[in-house]
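A, B, ... follow the sequence lines: proteins, then strands. Residue 1 opens every chain. All figures in this text were calculated on a predicted structure; none of them were measured in a lab.
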There are 2 protein chains.
Amino acid sequence: MSVTAKPITRVVDELSRLPGIGPKTAQRLTYFLLRAPAEQAEALAEAVLELKRNVVLCERCFNITDRTPCEICSNGEREASHICVVEEPLDVVAIERTGQYRGTYHVLHGAISPIEGIGPDELKIRELLGRLQSAQVEEIILATNPNLEGDATAMYLTRLLQPLGITVTRLARGLPVGGDLEYADEITLSNALAGRSQI
Amino acid sequence: MSVTAKPITRVVDELSRLPGIGPKTAQRLTYFLLRAPAEQAEALAEAVLELKRNVVLCERCFNITDRTPCEICSNGEREASHICVVEEPLDVVAIERTGQYRGTYHVLHGAISPIEGIGPDELKIRELLGRLQSAQVEEIILATNPNLEGDATAMYLTRLLQPLGITVTRLARGLPVGGDLEYADEITLSNALAGRSQI
């Protein structure tokens with residue numbers, strides 16, 4: 001498409017590099033930006049630039065934040081005795097959205113995956129153990145993803161943490177709300193059966 | 001989600017304003033950018049900024065371009081005697097992709113739509129008539145969208161152009177390739193019937 005102006009192809013190319021955005025969507029977005037007021041395009045560009053400049057990892061929980069320690073770690077009302085261990089910063093956002101958790105977090109930045117060459121040393125596990133020495137921690141909730149890598153990470157952490165006399169829990173497995181029994185896979189259904197509770 | 005750092009929410013907000021990108025997708029893209037190398041984020045931001053700075057409308061065909069007259073209009077190998085009239089710059093890209101058209105274009109920047117208050121004066125119709133006076137035009141291909149507004153615009157243009165002794169054509173209507181007769185709507189099927197050709 002040599003007929004397309006270079007500044008346009010450049011934005012299309014850059015947008016296409018984002019996950020889930022193909023060349024067609026990138027083109028549609030680019031032409032939308034072309035029609036949008038200049039302020040909107042500038043606001044987007046500046047927000048992206050600032051994203052990289054002003055964002056750091058919290059020195060305590062390794063969540064992505066604009067100041068360290070982050071808002072959650074420095075909030076006196078959050079129970080520092082509870083640490084919820086997650087794989088990614090987005091998981092923190094998901095759990096916060098429930099409004100049900102008043103403890104703190106620890107972001108591993110990944111999960112153990114021998115295939116991808118990610119071992120415990122690549123994750124923020126040493127830093128988690130460090131937190132246990134400096135603070136009184138009662139419970140660690142393992143909220144890694146319910147998949148192979150997440151489960152392997154949870155198992156590894158359990159073996160590390162249980163000897164220290166800390167309660168280690170993990171999120172419940174079962175049927176998702178709005179799901180359909182008929183279409184549930186066997187493992188989910190087995191989990192749901194095994195975890196059944198009296199009503 | 002007050003726990004999310006401000007630079008992050010800013011990018012999420014700006015990305016959410018793009019068409020087809022909801023808050024969830026915006027969030028996923030933002031966290032992708034956070035992990036991506038700083039150069040990638042900067043390249044995206046700069047491309048967006050340059051988009052607005054370096055892009056103009058071609059003085060002849062009103063396509064979006066980085067120089068005027070645009071690459072197609074200034075290309076001596078394109079037949080200036082053929083003008084393909086389209087609604088949007090993206091339509092030019094679509095037709096160029098076929099590789100079947102060697103003429104020039106004229107971008108109307110919209111279609112006649114009384115409901116949205118868009119009349120002929122809001123479109124580049126006067127400019128199209130201007131081109132007919134300065135150049136020898138044999139055929140005008142109306143390639144407006146096959147919907148109410150596009151058809152109204154095509155009809156309006158036909159009435160203006162036919163008295164000038166110019167051949168006015170429009171794109172064929174019929175079944176799309178890969179389509180299924182069973183699921184074709186009545187109007188498409190009627191068009192396909194009416195436009196049937198001998199094999």
Mark yes when over 12 heavy atoms from residues, nucleotides or ligands other than [X] sit less than 6.0 Å from its [atom1]; otherwise mark no.
{"X": "B:L189", "atom1": "CG", "answer": "yes"}
{"X": "B:I187", "atom1": "CD1", "answer": "no"}
{"X": "A:E116", "atom1": "CD", "answer": "no"}
{"X": "B:I115", "atom1": "CD1", "answer": "no"}

From [X] [atom1] over to [Y] [atom2], what is the distance, rounded to the nearest 0.5 angstrom?
{"X": "B:I21", "Y": "A:I21", "atom1": "CD1", "atom2": "CD1", "answer": "4.0 Å"}
{"X": "B:I8", "Y": "A:L51", "atom1": "CD1", "atom2": "CG", "answer": "6.5 Å"}
{"X": "B:L44", "Y": "A:R10", "atom1": "CG", "atom2": "CZ", "answer": "9.5 Å"}
{"X": "B:E14", "Y": "A:E46", "atom1": "CD", "atom2": "CD", "answer": "9.5 Å"}

Chain B contacts, top residue of [options] (heavy-atom pairs, under 4.5 Å):
{"options": "A:L49, A:L33, A:L90, A:V48", "answer": "A:L90"}
{"options": "A:Q40, A:R28, A:H109", "answer": "A:Q40"}
{"options": "A:P89, A:A36, A:A43, A:P19", "answer": "A:P19"}

Using heavy-atom distances under 4.5 Å, tell me whether [X] contacts chain A through its side chain, its backbone, both, or neither.
{"X": "B:R67", "result": "neither"}
{"X": "B:L15", "result": "both"}
{"X": "B:V55", "result": "side chain"}

Using only non-hydrogen atoms and a strict under-4.5 angstrom cutoff, which residues of residues 160-167 of chain B touch chain A? none
Does anything in residues 122-138 of chain B get under 4.5 Å of chain A by heavy atoms, and if so which residues? none
Any link between [X] and [Y] through a network of hydrophobic side chains (Ile, Leu, Val, Met, Phe, Trp, Tyr) touching at under 4.5 Å?
{"X": "A:V107", "Y": "A:L157", "value": "no"}
{"X": "A:Y101", "Y": "A:I72", "value": "yes"}
{"X": "A:L34", "Y": "B:F62", "value": "yes"}
{"X": "B:I83", "Y": "B:L108", "value": "yes"}
{"X": "B:L57", "Y": "B:I118", "value": "no"}

Taking side chain as everything from C-beta outward and backbone as N, CA, C, O, which of these in [X] sits under 4.5 Å from a heavy atom of chain B? Side chain, backbone, both or neither.
{"X": "A:K6", "value": "both"}
{"X": "A:T30", "value": "both"}
{"X": "A:R35", "value": "both"}

Which of B:L29, B:N54, B:N75, B:V12 touches chain A most, by non-hydrogen pairs under 4.5 Å: B:L29
Restricting to side-chain hydrogen bond (donor to acceptor under 3.5 Å, both in side chains), what partner residues turn up for B:D185, sequence neighbours left out? B:T188
Per the side-chain hydrogen bond (donor to acceptor under 3.5 Å, both in side chains) rule, what does the pair list look like for residues 149-159 of chain B, sequence neighbours excluded? B:D151-B:R173
Strictly below 4.0 Å, N to O, side chains only: are B:K52 and A:E42 in salt-bridge contact? no
